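One-based numbering, in listed order, for ligands and for the atoms of each. Keep in mind the model is a prediction, meaning the values are calculated, not measured.
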Amino acid sequence: MRILITGAAGFLGSHLCDRLLAEGHEVIGLDNFITGNPDNIAHLMGNQKFSFYKHDVSNYIFVRGKVDAVLHFASPASPNPQSPSGYFNLPIQTMKAGALGTHNCLGVARAHNARFLLASTSEIYGDPAVHPQPETYTGNVDPAGTRAVYDEAKRFAESLTMAYHRAHGLDTRIVRIFNTYGPRMDLEDGRALPNLLKQALLGQPLTVYGEGKQTRSFCYVDDLVEGIVCLLYSNEHMPVNIGNPREMSILEFAEAINRITGNPAGITYVPDARSARDPQRRQPDITRAREILRWEPNIDLDEGIRRTVPYFKQKLDIA
Ligand code: NAD
Ligand code: UDP
C-alpha cells in the first residue's frame with residue numbers, strides 16, 4: 001500500500017512509519033512539527049519508500065499519486081498545562097487538528113477511495129464513571145472544560161469518521177489509544193512517563209501529582225503499533241480500544257520507575273499540578289481487540305521501561 005501518515009514526526013507516528021515501511025509499504029509522512037521533532041524521522045530520509053511533507057493538516061491536503069490508506073495521527077497530545085507543547089497551551093490548534101484536520105484527511109481518503117484510520121483516545125471517556133472502559137461507554141466529558149479542546153475534538157473526529165463511513169461508505173477504522181510510552185517521547189512534554197523517567201535518570205525525586213491515587217494503564221509502543229496494524233488490516237469499522245489493561249496508581253508507577261532505574265531519591269508530592277479535572281481511573285477493556293483482532297499486549301512495564309531508558313539517556317547525554 002501507499003500510506004499517508006499525519007503526525008509522522010511525532011512519537012507514535014514515527015514508530016508507525018518504521019513499522020509500515022518494514023512491512024514493505026510506501027509511506028508519505030506529513031507533519032508541521034508543532035509538537036513533533038524532525039529527529040524522529042531523520043533516519044528515514046534517503047529511504048526510497050519514504051517521502052515527507054511539512055504541512056498543517058488543518059489546511060487542504062493535496063497528495064500527488066495514488067493513496068491506499070490514510071492514518072490520521074496529527075494532534076497535540078500532552079495534557080500537561082505546564083508544558084508549552086501541551087494542548088492546554090495549543091487550544092485552537094488542537095481543535096483544528098481534530099476537527100478540520102480530520103475532515104481534510106477524510107477528504108483525501110475519499111478522493112482516493114482509500115482506507116482511513118483515526119487515532120482517537122481514551123480521553124473521549126473523560127473522567128470515566130464506568131470502569132474499566134468498554135467501547136460502549138459514552139464518556140463523561142465537560143464540553144466547556146479546559147480539557148475539552150482535546151477530548152471534544154477527538155469525539156467530533158470519531159463522529160465525522162462514522163459519518164463518512166455511513167454516508168459515503170468510506171472504509172474507516174477508529175482506534176482508541178490508551179496511555180502509551182516508549183522511545184521518541186518528547187522528554188519535555190510533561191506527560192507522566194517522560195517527566196518521571198527523566199527525573200529518575202537524573203537522580204531527582206519523582207513528582208507525583210496529588211496523592212498519586214489516580215490510576216492509568218501504560219502500554220509499550222511496540223504493543224500499541226502491533227494493535228494498530230492489526231486494526232488497519234481488519235474489517236472493523238466501530239471503535240476499538242488498544243492499550244495495556246494492567247492498571248496501577250501513579251504512585252505505584254513512580255515507585256516502579258525508581259526501582260527499575262535504581263533511583264534512591266524517592267517521591268515528592270506536588271499538590272494540584274493539574275488545574276483541570278485529572279481522570280481518576282483509566283483502564284481499557286480490550287475484550288473487543290482480543291476477539292476481533294486476536295491482539296493483546298505482551299510487554300510488561302519492567303521490560304518496557306528497560307527498552308525506553310537508552311533513548312532517554314541519549315537525550316539527557318548521560319552514560
Ligand atoms: P506527538 O505530539 O508526539 O505527535 C503528534 C504529531 O502531530 C507531532 O509530530 C505534531 O507535530 C503533529 N501535529 C500536530 N498538529 C498538527 C497539524 N495541525 N498538522 C500537522 N502535524 C501536526 O503525540 P503522540 O503521542 O505521538 O500522539 C499521536 C496521536 O495519537 C495523537 O493524535 C494523539 O491524540 C493520539 N494518542 C496518543 C496517546 C499516547 O499515549 N501517546 C494516547 C491517546 C491518543
Ligand atoms: N502525573 C504525575 N506526575 C507527573 C506527570 C503526570 O503524577 O510529573 C500524573 C497526572 O496527574 C496523571 C497521570 O500522571 O494523573 C498521567 O498523566 P499523563 O500526562 O501521562 O496523561 P493523561 O493520562 O492524564 O492523559
In short, salt bridge (Lys or Arg N to Asp or Glu O under 4.0 Å) pairs touching residues 308-319 with sequence neighbours left out are D39-K315

Any nitrogen or oxygen of [X] lying under 3.5 Å from a nitrogen or oxygen in ligand 2? Just yes or no.
X    : result
N80  : no
R282 : yes
R191 : no
P79  : no

Note: [X]-[Y] ion pair, threshold 4.0 Å (strictly below):
X    : Y    : result
R259 : E252 : no
R288 : E236 : yes
E303 : R307 : yes

Measure the distances from the heavy atoms of [X] to every atom of ligand 2 and state whether one is below 4.0 angstrom.
X    : value
I250 : yes
E123 : yes
K198 : no

Heavy-atom proximity to atom 9 (C) of ligand 2 ranks first, among E211, K213, Q214, for Q214

Identify, by atom number and element, the atoms of ligand 2 in contact range of [X], meaning under 4.0 Å from any of its heavy atoms.
X    : answer
D278 : 10 (C), 11 (O), 12 (C), 15 (O), 24 (O)
V208 : 7 (O)
T207 : 2 (C), 3 (N), 4 (C), 7 (O), 8 (O)
N179 : 20 (O), 21 (O), 22 (P), 23 (O)

So [X] and [Y], would you call those rings parallel, tilted or perpendicular, with 30° and 60° as cut-offs?
X    : Y    : value
F52  : F50  : parallel
Y220 : Y181 : perpendicular
F116 : H72  : tilted

Residue set satisfying ring pair (Phe, Tyr, Trp, His ring centres under 6.0 Å) with H55, at least two apart, ordered chain then number -> none

For T215 and R281 the tightest heavy-atom approach is OG1-CA, 3.2 Å

Can you give me a line-by-line list of nitrogen or oxygen pairs between ligand 1 and the protein shorter than 3.5 Å?
unit_1	atom_1	unit_2	atom_2	d
ligand 1	2 (O)	T35	OG1	2.6
ligand 1	3 (O)	F11	N	2.8
ligand 1	7 (O)	S75	N	3.4
ligand 1	9 (O)	G10	N	3.0
ligand 1	9 (O)	D31	OD1	3.2
ligand 1	9 (O)	D31	OD2	2.5
ligand 1	9 (O)	G36	N	3.3
ligand 1	11 (O)	D31	OD1	2.6
ligand 1	11 (O)	F33	N	3.4
ligand 1	11 (O)	I34	N	3.0
ligand 1	11 (O)	T35	N	3.1
ligand 1	11 (O)	G36	N	2.9
ligand 1	18 (N)	D56	OD1	2.8
ligand 1	19 (N)	V57	N	2.9
ligand 1	21 (N)	N32	N	3.2
ligand 1	21 (N)	N32	OD1	3.1
ligand 1	25 (O)	R191	NH1	3.0
ligand 1	25 (O)	R191	NH2	3.0
ligand 1	26 (O)	F11	N	3.3
ligand 1	26 (O)	L12	N	2.8
ligand 1	32 (O)	F73	O	3.0
ligand 1	32 (O)	K154	NZ	2.7
ligand 1	34 (O)	Y150	OH	2.5
ligand 1	34 (O)	K154	NZ	3.0
ligand 1	40 (O)	T180	N	2.9
ligand 1	41 (N)	R191	NH1	3.1

Examine the proximity of ligand 2 to [X] and report which part, side chain or backbone, both or neither, has a heavy atom under 4.0 Å away.
X    : value
N195 : side chain
M185 : neither
L193 : neither

Here the side chain to side chain donor-acceptor pair (under 3.5 Å) pairs for residues 88-98, sequence neighbours left out, are none

Y125-R176 side chain donor-acceptor pair, cut-off 3.5 Å: yes

Q.
Assess, by modelled atom type and distance only, whether the side chains of R184 and S14 contain a donor and an acceptor separated by less than 3.5 Å.
A. yes

Review point. Considering only heavy atoms from C-beta outward, does the side chain of N263 approach that of I257 to under 4.5 Å?
Key: no

